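Indexing begins at 1, ligand by ligand and atom by atom, following the structure's order. Note that the structure is predicted; figures quoted are calculated from it, not measured. Each residue takes its place number in the sequence, starting with 1.
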Amino acid sequence: MQYKSYSLQNFKTIPQIKNLTGQQIMDIEVVGSVLPFRVNEYVVENLIDWDNVPEDPAFISSFPHRHMLLEKDYEQMRALIEAGASDESIKRSADEIRLGLNPHPAGQIEYNTPLYKGKKLLGIQHKYSQTLLIFPEQGQSCHSFCTFCFRWPQFAHMDEYKIATPENGLIHQYISDHPEITDVLITGGDPLIMKTEILAGYIEPLLSRELPHVRNIRIGTRALSWWPYRFLTDDDADDLLNLFGKIHRSGKHLALMANFVNPVELETEAVKEAITRVQKAGAIIRTQAPLLKNINASPEVWTEMWKKQVSLNCIPYYMFVARDTGAKHFFSVPLVEAWQIYRQAYQSVSGICRTVRGPSMSCMPGKVQVLGVTRIGGEKVFALNMIQARNPDWALRPFFAAYDETATWFDDLKPAFGEDRFFFSDELDGMLESGETWTGYE
Ligand SMILES: *Cc1c(COP(=O)(O)O)cnc(C)c1O
């Protein structure tokens, strides 16, 4: 299959679009002027069930929907488009709306960007001691855009919010100076949007003898679900698998951190073949996804996904809570409900699927897991736990927040028992103030 994508400029040429109402088409134009929109032919032809549109989860995952914008923002943009406003004024208004959508949650740029010889290394993040994130500048796009993507500003022409780095040797030097780094996670966007040759430029230096402490190379990707032909028939698909083989033979662990949000993404012949090819090249596929209202907010869906993943030899890894950014009002689920969904799904599978961890919130102090709701000394509370933490010592110390049935994110929570601080709050404030925030240790 040849890659072909659609965006706001040409989506009306998709044959199935004629089944939509005029209002739905208008909604795509209005919302797609603010939030990134790109969908490819594989998704249109193989993943979306057009008889089930607009409720279809693959459709909602890839096409703008009216309620992804708040009513006032929708009306503002609709009025401009209907009045035939200039591109410039549409862009100005879109930028203003985007800034109201919390484009950079959890202080990613301010607090996770490390220093090297006194200079900020823009385009890499070092929040947890063992793991360095690299955002290659050529990898800040995707084969299709997810409507729920928490990295949406990477694609929304908001240059001041873009996280991206060239391969300039500095990353390598930084890693060489930081023996605590065992994992390098190449992310985006989607790094597999890059030609293999460019990707290799980022990965091959990691295989050098100077970096023996780098044991695990991870690639965060949605290509298996959105464009499995990346591993099958793209011009450089074989080169990509050869690169995977080379990583494997170097003795390092290669993990594809693959995003699957909906069981249909695991069902096509193409994805199954792609998974097999990736595995034969020596990579392990670990799966993760956010929990999303209107897409996958039911225990049955997660049970089905985990079972399908295991039968394809993939390892369930994380269930994330949808981040407080972008169209969060459309996708977010109260934490108590997230826990119930996770718990019910977990109860219905064997230990083989229970490698998954969640529901997990990537927030300022770390990755906070909702262990559940319980009662302590008569008070109803959330029991929480950090899976990862800015200070490694905070991990696996259970802590408690007052129960709040409407809370959808960590920032909505208050400490339980009338306390005004969580156990880590003072130390976290100190770290953020001092600027020594990216590793949480000396
Ligand atoms: C999740 C995450 C990681 C990886 O954490 P693991 O638990 O090792 O998978 C690394 N850096 C950031 C900023 C993260 O959010």
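- Scanning the protein for heavy atoms near atom 7 (O) of ligand 1, the closest one is Y318 OH, 2.6 Å.
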Between E427 and R390, does a salt bridge (Lys or Arg N to Asp or Glu O under 4.0 Å) hold up when you go through it step by step? CA-CA 10 Å; E427 197 185 338; R390 277 187 195 276; over 6 Å; no
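- At a 4.0 Å heavy-atom cut-off, ligand 1 touches L133 through the side chain alone.
- When heavy-atom distances to ligand 1 are checked against a 4.0 Å cut-off, Q288 has no atom that comes that close, whether in backbone or side chain.
- Both tests hold for R343 against W339: distance to the six-membered ring centre under 6.0 Å, angle to the ring axis within 45°.
- Heavy-atom distances between T131 and ligand 1 reach below 4.0 Å in at least one pair.
- At a cut-off of 3.5 Å, with distance as the only test, no side-chain donor of S144 or S62 sits close to an acceptor on the other residue.
- At under 3.5 Å, a nitrogen or oxygen of Q388, whether backbone or side chain, sits near a nitrogen or oxygen of ligand 1.
- Close N/O approach between N112 and ligand 1 is not found [any backbone or side-chain N/O within under 3.5 Å].
- In this structure, F150 has its ring center no closer than 6.0 Å to that of F320.
- Every atom of ligand 1 is numbered from 1 in the order shown, and the set under 4.0 Å from a heavy atom of S362 is 15 (O).
- Closest to atom 6 (P) of ligand 1 by heavy atom, among Y317, F320, Y128, is Y317.
- Residue contact annotation: R218 has a non-hydrogen atom under 4.0 Å from ligand 1.
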Please set out all donor-acceptor pairs under 3.5 angstrom arising from side-chain atoms of residues 238-246, sequence neighbours excluded.
residue, atom, partner, partner atom, Å
D238, OD1, R277, NH1, 3.2
D238, OD1, R277, NH2, 2.9
N242, ND2, D238, O, 3.3
K246, NZ, E204, OE2, 2.9

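- Residue contacts with ligand 1 for K367 involve side-chain atoms from C-beta outward but no N, CA, C or O (heavy atoms, distance under 4.0 Å).
- Between Y403 and F382, the distance from one ring center to the other falls under 6.0 angstrom.
- Between the side chains of Y174 and H126, at least one donor N or O lies within less than 3.5 Å of an accepting N or O.
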